[in-house]
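Everything numeric in this text was worked out from a predicted model, so none of it was measured.
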Amino acid sequence: MENILHGKQLTFYVVGLSYKKADAEMRGKFSLDEKAKNSLLEQAKKEGIEGLFIISTCNRTEIYGFAQHPFQLIKLLCDNSQGTVEDFQNYAYVYKNKEAVEHIFKVGTGLDSQILGDFEIISQIKQGFTESKKKKLANAFLERLVNAVIQASKRVKNETEISSGATSVSFAAVQYIMNTIENIGDKKLVLFGIGKIGRNTCENLVKHTKNDHIVLINRTKEKAEKIAGKFHLVVKEYSQLQEELQNTDVLIVATGAQNPTIDASVLNPKKPLLILDLSIPKNVNENVRNLENVTLVHMDHLSQITDETLEKRKEHIPAAEEIIKEIIAEFSSWTKSRKFAPTIHSLKEKLATIKKSELNYQKKKLANFNEEQAEIISNRIIQKITTQFANHLKNEDTMVDESIEWIEKVFQLNE
């Protein structure tokens, strides 16, 4: 899985951090918004990187790409986020070649998700790759890899029950509200922010709480109206947020800001208020905890909710791993073929030269030489010989680099 571009030996790496080792605050430091992603891709191009894509979600930020050394990718991440190299050393990870490939398959099939079987990440992988492709930062290896991960994701979803039952951060939020607040159908709920998690939460709220007192507020009112129309909900202006919060029972914050959008100064609750912060980085200031009547719950806490659904999902991990193993084997076979294809092509040409020379010799020597028949037989022999070599190089146990070197020496392919 190493590439040689312009004479440089390049290795395939993934560098990044996730919920496994980094808390919400640390993940927030390394999170990349659209502007930062764009800036990172532009910097990568300037620095001569020829294959790279990014994913940045509430649970992880990762760069997949080719480099001579992983620090090239780590620097790109730190230059375009609030994270430092020291933070990276303490909370992040680096995988290379085979381990990097295995990692993206786990991520894309929901095996590495904070909630097992959550497939939302696959659209982020597709989107990250598309953005890189637009900027000509997607090579054939990355394209084949992403397509293989998409294929694995579809198969795991369709052939196993690892995503059975509705368990996602948005569903966990609604589940928490329903378990905490009595008579939820009669309560007033405000949803502030309608990004992807906000939209999913909105859908789950309507579906499970049967509540028609849900108010949507977003900085861009048009976006809120679009969602509200679908579910027949009320939309209020952003300027009305403070007023709306005076007698709200539940506030769900799903804004995508880099700094808190809610703090104690905008709250003056007349009754108990439950706030759920579903944002990374955190969008609710911890100072709200000092207010009487206010309970703050962050997404990290919601993600710890494990129920029977999650336990049942674990039973399907081996089946998912078998599918991944099969598709990785196909991908590895392709990468090997890609590596030795030029050698097999050169070998064919060499054997064709030997054949031509021999047929010319026999034609001069034999009066009744059947050139057409000799051509057919010779070509079939060349095909069988090169297939034999190709099969050897495809073998899992073959040291491809060593074998290529040996074939090139024996047949003097570089001369």
Quick check against the 3.5 Å criterion: does [X] have a side-chain atom that pairs as donor or acceptor with the backbone of [Y]?
{"X": "Thr387", "Y": "Gln383", "answer": "yes"}
{"X": "Asp118", "Y": "Gly110", "answer": "no"}
{"X": "Gln72", "Y": "His69", "answer": "yes"}
{"X": "Asn97", "Y": "Phe12", "answer": "yes"}
{"X": "Asn285", "Y": "Asn283", "answer": "no"}
{"X": "Ser132", "Y": "Leu52", "answer": "yes"}
{"X": "Asn287", "Y": "Asp263", "answer": "no"}
{"X": "Thr255", "Y": "Ala257", "answer": "no"}
{"X": "Ser56", "Y": "Ser31", "answer": "no"}
{"X": "Ser403", "Y": "Met399", "answer": "yes"}

With [X] via salt bridge (charged side-chain N to carboxylate O under 4.0 Å, His left out) - residues at least two apart:
{"X": "Glu349", "answer": "none"}
{"X": "Glu408", "answer": "none"}
{"X": "Glu143", "answer": "Lys133"}

N-O pairing of [X] and [Y] below 4.0 Å:
{"X": "Glu42", "Y": "Lys45", "value": "no"}
{"X": "Lys134", "Y": "Glu131", "value": "yes"}
{"X": "Lys312", "Y": "Glu315", "value": "no"}

So for atom CD, which belongs to Gln82, do other residues, nucleotides or ligands contribute more than 12 heavy atoms lying within a distance under 6.0 Å? no

If a pair satisfies salt bridge (Lys or Arg N to Asp or Glu O under 4.0 Å) and one of its residues is in residues 273-289, list it, with sequence neighbours excluded. Lys282-Glu286, Glu286-Arg289

Is the closest side-chain heavy-atom distance between Leu111 and Ile162 below 4.5 Å? yes

If we only count heavy atoms from C-beta on, is the Glu120 to Asn200 side-chain gap below 4.5 Å? yes

Tell me, with the steps shown, if Lys355 and Asn379 meet side-chain hydrogen bond (donor to acceptor under 3.5 Å, both in side chains). CA-CA 8 Å; Lys355 174 200 81 172; Asn379 286 343; 3.0 Å; yes

Determine whether the aromatic ring centres of Phe331 and Phe141 lie less than 6.0 Å apart. yes

For side-chain hydrogen bond (donor to acceptor under 3.5 Å, both in side chains), just list the numbers for Asn204 and Thr201, CA-CA rounded to whole Å, side-chain angles, deciding distance to a tenth of an Å, and then say yes or no. CA-CA 5 Å; Asn204 278 316; Thr201 306; over 6 Å; no

With sequence neighbours left out, write down each residue that passes ring-ring contact (aromatic ring centres under 6.0 Å, His included) with Phe389, or none if nothing qualifies. Phe411

Pairing residues for Phe119 by the ring-ring contact (aromatic ring centres under 6.0 Å, His included) criterion, not counting sequence neighbours: none

Ser357 side chain to Asn360 side chain, donor-acceptor N/O pair below 3.5 angstrom: no

